[in-house]
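Note that the structure is predicted; figures quoted are calculated from it, not measured.
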Amino acid sequence: MSAISNKLDPYTSQCQDHNPTLQEKIDGLKEIIKSTQTAMLTTRSADGQFHARAMNPVAPDSEMQLTLNFIANNASHKFEELQNDSHVNVCFLHPATTNWASFSGKATIMEDRDEIKKHWSSRLSAWFGDLKDGVHKGDVNDPRIALIQVIPDEIRYWHSTKSKIGTALEVKIDSVTGKVAAPGELRTITSDEIQLTQGLNSKK
């Protein structure tokens, strides 16, 4: 942030956490994802409209993995939007703590059966159903089943450092004293850091 921005947006300036290691940032991010589980995947249509829907990412292959994978129906409207514009946003929010995470990146559609089988769970069949035509059975070999892989360019997240009571107390005091409340930390995992984790994963 510029000096002017720091002055005019003291909340963001105070919440920026400049010192954590990459591992600490990844650990903090994983905590939010695990506690939230459900994400909102936002895509953009050909006419410029943004559409978001709730989706559950499958379990990562490793603790260092920052790529998100979603099992989805390739007959759904979101696939038309991804083919038109691969840029997406995926966000997580934990209402109880107000912790949130935002992934900005590009989505790739994968229909490799071996890759899909790695992430498949029989409970996913309920979202596809058996169409009784001998082909679309709702199982792992159903041609409708595809994998949306989101490779982030940047990840930002906020995590609370105080309890709900502590946060409420700080906000109340600061609203009277004129100080700026900062009950949490803003962290950014940069493109370079993401590429580093991808390199570490590829060596395993």
For a quick test of reading the model, state the closest non-hydrogen atom pair linking [X] to [Y] and the distance between them.
| X | Y | value |
| --- | --- | --- |
| Thr97 | Ser160 | O-CB, 3.8 Å |
| His94 | Ser35 | CD2-OG, 3.4 Å |
| Ala46 | Asn84 | CA-ND2, 3.4 Å |
| Gln65 | Thr67 | NE2-O, 3.0 Å |
| Lys25 | Thr188 | NZ-O, 2.8 Å |

Could you check whether any side-chain N or O of [X] sits under 3.5 Å from a backbone N or O of [Y], counting only pairs where one atom can act as donor and the other as acceptor?
| X | Y | answer |
| --- | --- | --- |
| Ser121 | Leu124 | no |
| Ser125 | Gly138 | yes |
| Tyr157 | Ile189 | no |
| Glu80 | His77 | no |
| Asn74 | Arg144 | yes |
| Arg187 | Leu29 | no |
| Asn89 | Thr42 | no |
| Lys106 | Ile151 | no |
| Thr36 | Thr38 | no |

With a 4.0 Å cut-off on N to O distance, would you call [X] and [Y] a salt bridge?
| X | Y | answer |
| --- | --- | --- |
| Glu115 | Lys117 | no |
| Lys137 | Asp139 | no |
| Lys34 | Glu63 | yes |

- Take Asn73 and Ile145 through the side-chain contact (heavy atoms from CB on, under 4.5 Å) test and state the conclusion after the steps. CA-CA 5 Å; Asn73 189 333; Ile145 296 171; over 6 Å; no
State whether a side-chain donor-acceptor pair under 3.5 Å links [X] with [Y].
| X | Y | answer |
| --- | --- | --- |
| Asp27 | Gln23 | yes |
| Ser76 | Arg53 | no |
| Thr190 | Asp192 | no |

- Message: Before you tell me yes or no, could you show the steps for Arg156 and Glu154 under salt bridge (Lys or Arg N to Asp or Glu O under 4.0 Å), namely the whole-Å CA-CA distance, both residues' side-chain angles and the distance that decides it to 0.1 Å?
- Response: CA-CA 7 Å; Arg156 296 185 180 186; Glu154 182 182 74; 3.0 Å; yes
- List the steps and the verdict of side-chain contact (heavy atoms from CB on, under 4.5 Å) for Leu147 and His119. CA-CA 9 Å; Leu147 192 69; His119 303 287; 3.9 Å; yes
- Task: Output, in order, the C-alpha distance, side-chain angles, deciding distance and verdict of side-chain contact (heavy atoms from CB on, under 4.5 Å) for Ile71 and Met55.
- Result: CA-CA 9 Å; Ile71 295 288; Met55 298 186 71; over 6 Å; no
- Answer yes if Ile109 and Val88 sit in the same cluster of Ile, Leu, Val, Met, Phe, Trp and Tyr residues linked by side chain heavy atoms under 4.5 Å apart, and no otherwise.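 Cluster IDs for Ile109 and Val88 match.
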- Task: Would you check, one step at a time, whether the test side-chain contact (heavy atoms from CB on, under 4.5 Å) holds for Ile194 with Asp153?
- Result: CA-CA 7 Å; Ile194 292 168; Asp153 295 319; 5.8 Å; no
- Query: Would Glu185 and His159 count as a side-chain hydrogen bond (donor to acceptor under 3.5 Å, both in side chains) if you check the C-alpha gap in whole Å, the side-chain angles of each, and the deciding distance to 0.1 Å?
  - Reply: CA-CA 6 Å; Glu185 296 176 343; His159 71 105; 3.0 Å; yes
- Message: To the nearest 0.5 Å, what is the distance between CG on Leu22 and CG on Leu66?
- Response: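 Separation between the atoms: 7.5 Å.
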